[in-house]
There are 2 protein chains.
Amino acid sequence: MENTKKRREFIKDRIYEDVRHDIITFHYQPGEKLSEYSLAEKFGVSRSPIRSVLQKLESESLVVIDPQRGTFVTKLDFDYIRDIIYLRWCVESTLMCQIAEQQPEALLLALRECLEKQKTLLTGHDIDPEEFTALDNAFHEAIYTGNHRENLWDVIQEVNTSYLRFRMLDLVQGNSHRQIYQDHCKLMQYMENKDTQNLRALLHQHLNGNLQTNEGIKREYKEYFTA
Amino acid sequence: MENTKKRREFIKDRIYEDVRHDIITFHYQPGEKLSEYSLAEKFGVSRSPIRSVLQKLESESLVVIDPQRGTFVTKLDFDYIRDIIYLRWCVESTLMCQIAEQQPEALLLALRECLEKQKTLLTGHDIDPEEFTALDNAFHEAIYTGNHRENLWDVIQEVNTSYLRFRMLDLVQGNSHRQIYQDHCKLMQYMENKDTQNLRALLHQHLNGNLQTNEGIKREYKEYFTA
DNA sequence: TTTCTTCAACTTGTATGTTAGTATACCATG
DNA sequence: CATGGTATACTAACATACAAGTTGAAGAAA
């Protein structure tokens with residue numbers, strides 16, 4: 001049985017992935033101009049697929065299209081990111097409390113396996129930020145899928161890209177991987193011990209990536225943020 | 001001081017509002033085909049602005065574009081809607097508990113004013129579903145803005161259209177307006193009395209628009225829903 | 001009748017003009 | 001020098017033409 005829906009790959013799909021990746025990894029810097037014409041030239045295509053790509057990127061707030069002026073990579077808006085963090089906190093703390101309550105065997109096992117993978121990756125040198133991010137995401141995704149909230153995970157992913165860029169900023173510094181892993185382990189413990197009080201508090205801190213360092217990042221990369 | 005940012009009105013903006021409205025109000029029915037060419041003809045424009053509109057509508061899951069086949073109004077996916085309800089429940093119950101805790105004077109006053117408007121509208125005959133929806137939304141929006149979560153409200157609105165269509169189904173029947181108003185009043189009471197237990201329970205029921213009636217709607221409009 | 005092939009009509013993707021708004025460098029004017 | 005108008009280059013919005021895949025009906029073959 002073939003359930004992988006064959007969807008022809010269009011030029012715009014490939015370009016979308018390329019440009020999105022380059023924005024998230026700060027290859028294109030916040031504020032940088034991305035004109036249709038120059039992108040079309042770069043990828044060797046016409047402006048039509050580029051327009052599609054830019055409009056899609058605008059819908060996830062990665063670029064802003066200023067009519068007849070230009071299209072620009074959005075700067076990081078901390079007020080916006082702050083609300084995305086709050087959104088995830090509200091949802092994921094509720095989900096985790098539910099897990100703490102019900103102690104679903106299969107899910108807890110899956111989460112422990114996920115943590116093992118993270119531990120393994122951490123033993124090596126030169127940790128690839130994107131690879132670690134994938135494992136980080138896998139842990140959080142399991143929280144959703146384990147509660148049969150796959151759609152909810154997908155929905156949140158669509159608005160999560162701004163937060164993703166924000167987290168990338170301190171991940172490239174390379175010293176927060178271990179902290180994230182340890183947070184996950186503690187969250188795991190709290191769920192197993194039904195310690196919802198500490199669970200919610202730690203998750204808040206975890207999603208914020210340690211409040212004190214945020215201020216440092218905002219200073220260090222202040223040209224990446226909106227005023 | 002002029003703070004309304006003058007943004008030139010483009011053809012696609014008007015068409016977007018038109019088509020979106022017609023989908024939400026079921027003028028275009030779920031599953032119906034919306035070809036670029038026929039829409040272009042209907043609005044007397046070329047396919048370019050129509051493509052913009054349809055791509056934007058796809059990003060909020062109101063249409064699905066099947067390449068080289070056609071563009072169709074999406075059917076209501078209850079699994080998806082269920083998760084949107086859960087999302088709103090997680091967020092709004094947290095916000096309301098926060099309000100219950102802090103008892104912010106100005107916000108409580110604003111909420112009471114909002115309820116008065118709803119009460120006034122309910123005294124008349126022939127209640128306009130869209131007008132009531134606006135007042136319903138205003139109550140929920142105040143919960144966000146009162147906690148300085150304007151961005152979060154905006155984010156949720158972007159994924160809320162599917163839920164909006166779902167609620168429209170029983171609103172046109174015209175017998176749930178009073179129930180919604182009464183729910184709001186009770187939620188208000190629970191917040192003032194810091195009764196978070198009942199608050200969370202009622203909000204869940206409120207967002208679901210009464211579980212028992214949902215089954216009836218799914219039967220009555222079953223051609224509007226996915227299998 | 002049933003099944004397969006062919007083809008025409010229709011779909012969106014892509015390419016390329018054309019139009020109109022914006023920003024800026026330049027120059028004339030005070 | 002300061003100011004205001006103008007020409008110009010650039011932008012995205014919009015129009016149009018062509019390309020390529022999908023669908024389904026008509027018709028031939030079994």
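Remember, predicted model here, so these are calculated numbers, not experimental data. Order of the sequence lines fixes the chain letters, A, B, ..., with proteins taken first and strands second; residue numbering starts at 1 for each chain.
Atom OH in A/Y37 sits roughly 14 Å away from atom P in D/dA9 (whole-Å rounding). Rounded to whole Å, the distance from CD on B/E58 to P on C/dT12 is 12 Å. Counting to the nearest Å, the P atom of D/dC10 and the CD1 atom of A/I65 are 21 Å from each other. Atom CZ of A/R14 and atom C1' of C/dG13 are 14 Å apart (whole Å).
Phosphate contact (OP1/OP2 of C/dA15, side-chain N/O of A/S46, threshold under 4.0 Å): present. Side-chain N/O atoms of A/K12 include one lying less than 4.0 angstrom from OP1 or OP2 on C/dG13.
Looking at heavy-atom distances under 4.0 Å, B/T71 makes contact with sugar-phosphate atoms alone, never a base. Nucleic acid contact class of B/S48 (heavy atoms, under 4.0 Å, all strands): base.
Heavy-atom nearest nucleotides on DNA chain C were determined for B/K33 and for A/R69, and the one closer to the 5' end corresponds to B/K33.
In this structure, the side chains of A/Y224 and A/F166 stay at 4.5 Å or more apart for every pair of heavy atoms. Residues B/Y163 and B/N160 form a side-chain contact, since some pair of their non-hydrogen atoms from C-beta on lies under 4.5 Å apart. Annotation: side chain of B/L57 is in contact with side chain of B/Y16 (closest heavy-atom distance under 4.5 Å).
Note that A/K218 lies in the cation-pi zone of A/F78, set by a 6.0 Å cut-off to the ring centre and a 45° limit from the axis.
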Report each atom pair, protein N/O against N/O of nucleotides 17-20 of chain C, whose distance is under 3.5 angstrom.
{"from": "C/dG17", "atom 1": "O6", "to": "A/R47", "atom 2": "NH2", "distance (Å)": "2.4"}

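Checked by atom type and distance alone, the side chain of A/E92 never pairs as donor or acceptor with a backbone atom of A/H140 at under 3.5 Å.
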